[in-house]
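Heads up, the thing below is written out as structure tokens.
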Amino acid sequence: MGWHYRKSIKVGPFRVNLSRRGVGHSYGNRRFRVTVGPDGRRRLTVRLPGGFHWGKTF
């Protein structure tokens, strides 16, 4: 099993994610979030009440 590292720095609705793969960032709130990973892929996530969520990678 490999090792993992992840550190998040949150400033308001903006978050910078540091990981072994590189630096990513995300913007949004608890219901709606747009994330850009270290490889440039973008992901849109919508969270609904009751634990349901929907995500789409672009």
Side-chain angles (χ1 to χ4, degrees):
M1 186 157 115
W3 61 277
H4 301 278
Y5 175 77
R6 180 174 175 215
K7 173 70 177 169
S8 293
I9 302 168
K10 187 173 180 185
V11 179
F14 190 75
R15 180 181 297 167
V16 176
N17 302 310
L18 307 170
S19 71
R20 187 174 62 157
R21 293 176 55 202
V23 178
H25 61 276
S26 60
Y27 182 83
N29 56 29
R30 297 178 101 184
R31 300 267 184 238
F32 178 82
R33 183 165 293 276
V34 176
T35 304
V36 179
D39 57 359
R41 284 189 291 180
R42 292 187 175 112
R43 180 164 180 83
L44 170 66
T45 305
V46 179
R47 295 175 191 237
L48 303 173
F52 297 102
H53 67 275
W54 174 83
K56 173 94 174 155
T57 302
F58 297 97

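Any value given below was found using the heavy atoms of this structure, including those in side chains, with hydrogens, waters and symmetry copies removed. Sequential numbering from 1 along the given sequence is applied to the chain's residues.
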Exercise. With His25, which residues qualify under ring pair (Phe, Tyr, Trp, His ring centres under 6.0 Å), at least two apart?
Worked result: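 Checked His25 against ring pair (Phe, Tyr, Trp, His ring centres under 6.0 Å); matches are Phe14.
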Only distances under 3.5 Å count here; give the side-chain donor-acceptor pairs of residues 43-58 to other protein atoms, sequence neighbours excluded, each with its distance to 0.1 Å.
residue	atom	partner	partner atom	Å
Arg43	NH1	Thr57	OG1	2.9

Exercise. Which atom pair, heavy atoms only, marks the closest approach of Arg33 to Gly28?
Worked result: NH2-O, 3.5 Å
Exercise. Do Tyr27 and Ile9 belong to the same hydrophobic cluster, where Ile, Leu, Val, Met, Phe, Trp and Tyr are linked whenever their side-chain heavy atoms lie under 4.5 Å apart, directly or via other members?
Worked result: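 Yes; Ile9 is reachable from Tyr27 via cluster members.
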Exercise. Just wondering, do Asn17 and Val23 contact through their side chains at under 4.5 Å, heavy atoms?
Worked result: no
For this session: If a pair satisfies salt bridge (charged side-chain N to carboxylate O under 4.0 Å, His left out) and one of its residues is in residues 5-22, list it, with sequence neighbours excluded.
Result: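 For residues 5-22: Arg21-Asp39.
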